[in-house]
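Notes to accompany the following structure.
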Amino acid sequence: DRIKYMVPTKIFIVDDHYMVIEGIRSLLQNEKSIEWMGHATTADSCMAYLKLQLPDVIFMDINMPGKSGIDLCKEVKEKYSSVFVIGLSTFNQQSLIQKMLDSGASGYLLKNATQEELMDGIATVMKGKTYLSIEAAQSLKKVKNGDTPVLTRREKEVLELIAEGLTNIEIAKKLF
């Protein structure tokens, strides 16, 4: 529906590094399908902004002074469930990616992301699906030897559908 009427996706960024904010802004500024709403450099200023206006997607740094992006993501999702959060980090750590997703993030991008990855991430989360950059997805797949959980055939089927980016509703329809 969004594409039919060409309503731009409203983007906001929370990061304590001005260069990162400017970098992402400059990568997205000429995209007709994107409306840049602005930025916050702290969790508090982000929450204050959200009381006034709601973006569609927030790019959120994980490692910030004061409150971590993981805690901020959880707070944003509790108060504004319609806002999609994409975690941003220089770290490709499995535990950080998982914590961010567990806090309600719809995606995870590394700060070395290309313009194409940013746009793919936005488009994917706007469809209600999860977006992981290639490096983040590879990091999540790495499991130490001996730590591999034993999955039933059904659990494997569900996991494969999740990996394909299907939503819970789509998985339910496909399996039942």
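All heavy atoms count here, side chains included; hydrogens, waters and symmetry mates do not.
Using a 4.5 Å cut-off on side-chain heavy atoms (C-beta onward), E164 and L161 make contact. Using a 4.5 Å cut-off on side-chain heavy atoms (C-beta onward), M37 and I13 make no contact. Considering only heavy atoms from C-beta on, T41 stays 4.5 Å or farther from H17 through its side chain. Within the 4.5 Å cutoff, the side chain of T130 has no heavy atoms near those of the V125 side chain. Side chains of D56 and F12 form no contact here, defined as non-hydrogen atoms less than 4.5 Å apart. When side chains are defined from C-beta on, E31 does not count as touching I122, because their heavy atoms never get closer than 4.5 Å. At a threshold of 4.5 Å between non-hydrogen side-chain atoms, the residues N63 and L96 do not count as touching. Contact check for S133 versus N112: no side-chain heavy atoms found under the 4.5 Å cut-off.
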Margin query: Before you tell me yes or no, could you show the steps for I24 and I11 under side chain to side chain contact (heavy atoms under 4.5 Å, CB included), namely the whole-Å CA-CA distance, both residues' side-chain angles and the distance that decides it to 0.1 Å?
Written below: CA-CA 10 Å; I24 292 173; I11 303 295; 5.6 Å; no
Next item on the list: Carefully, step by step, assess L175 and E157 under the rule side chain to side chain contact (heavy atoms under 4.5 Å, CB included).
Entry: CA-CA 8 Å; L175 294 180; E157 285 175 38; 3.3 Å; yes
Check: How far apart are the C-alpha atoms of R25 and H39, what are their side-chain angles, what is the distance that settles it, and do they pass the side chain to side chain contact (heavy atoms under 4.5 Å, CB included) test?
Finding: CA-CA 9 Å; R25 190 184 68 76; H39 69 272; over 6 Å; no
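A side-chain contact (heavy atoms from CB on, under 4.5 Å) with V76 holds for exactly one of D71, L54, L50; it is L50.
A pairwise comparison of heavy atoms in F59 and L88 identifies CB-CD1, 3.7 Å as the closest pair. Closest approach of S26 and G23 over heavy atoms only: OG-O, 2.9 Å. Looking at every heavy atom in both residues, L27 comes nearest to A113 through CD1-O, 4.3 Å. Looking at every heavy atom in both residues, M119 comes nearest to S33 through CE-OG, 3.5 Å.
With rounding to the nearest 0.5 Å, the separation of CD in E117 from CG in L132 is 11.0 Å. Between the OH atom in Y80 and the CD1 atom in I58 there is a gap of 9.5 Å [rounded to 0.5 Å]. Once rounded to the nearest 0.5 Å, the distance linking CG of N30 with CD of Q115 reads 8.0 Å. Rounded to the nearest 0.5 Å, atoms CD1 (I162) and CG (N168) are 7.0 Å apart. Note that CD of E22 is 8.0 Å distant from CD of Q29, once rounded to the nearest 0.5 Å. Rounding to the nearest 0.5 angstrom, the gap separating the CD atom in Q138 from the CD atom in Q94 is 12.5 Å.
When atom types are taken as modelled, the side chain of E35 and the backbone of P8 share no donor-acceptor pair closer than 3.5 angstrom. Under a 3.5 Å cut-off, the side chain of S81 and the backbone N or O of K77 do not form any donor-acceptor pair. At distances below 3.5 Å, not a single donor-acceptor pair connects side-chain atoms of D16 with backbone N or O atoms of M64. Without hydrogens or angle criteria, E170 side chain to T167 main chain gives a donor-acceptor distance under 3.5 Å.
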Can you give the donor-acceptor pairs under 3.5 Å from side chains of residues 101-111 to other protein atoms, not counting sequence neighbours?
| from | atom 1 | to | atom 2 | distance (Å) |
| --- | --- | --- | --- | --- |
| D102 | OD1 | Q98 | NE2 | 3.0 |
| S103 | OG | I70 | O | 3.3 |
| S103 | OG | K99 | O | 3.0 |
| Y108 | OH | F91 | O | 2.8 |
| K111 | NZ | D15 | OD2 | 2.9 |
| K111 | NZ | D61 | OD1 | 3.2 |

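For K67 and E75, the salt-bridge test passes: some basic side-chain N is under 4.0 Å from an acidic carboxylate O.
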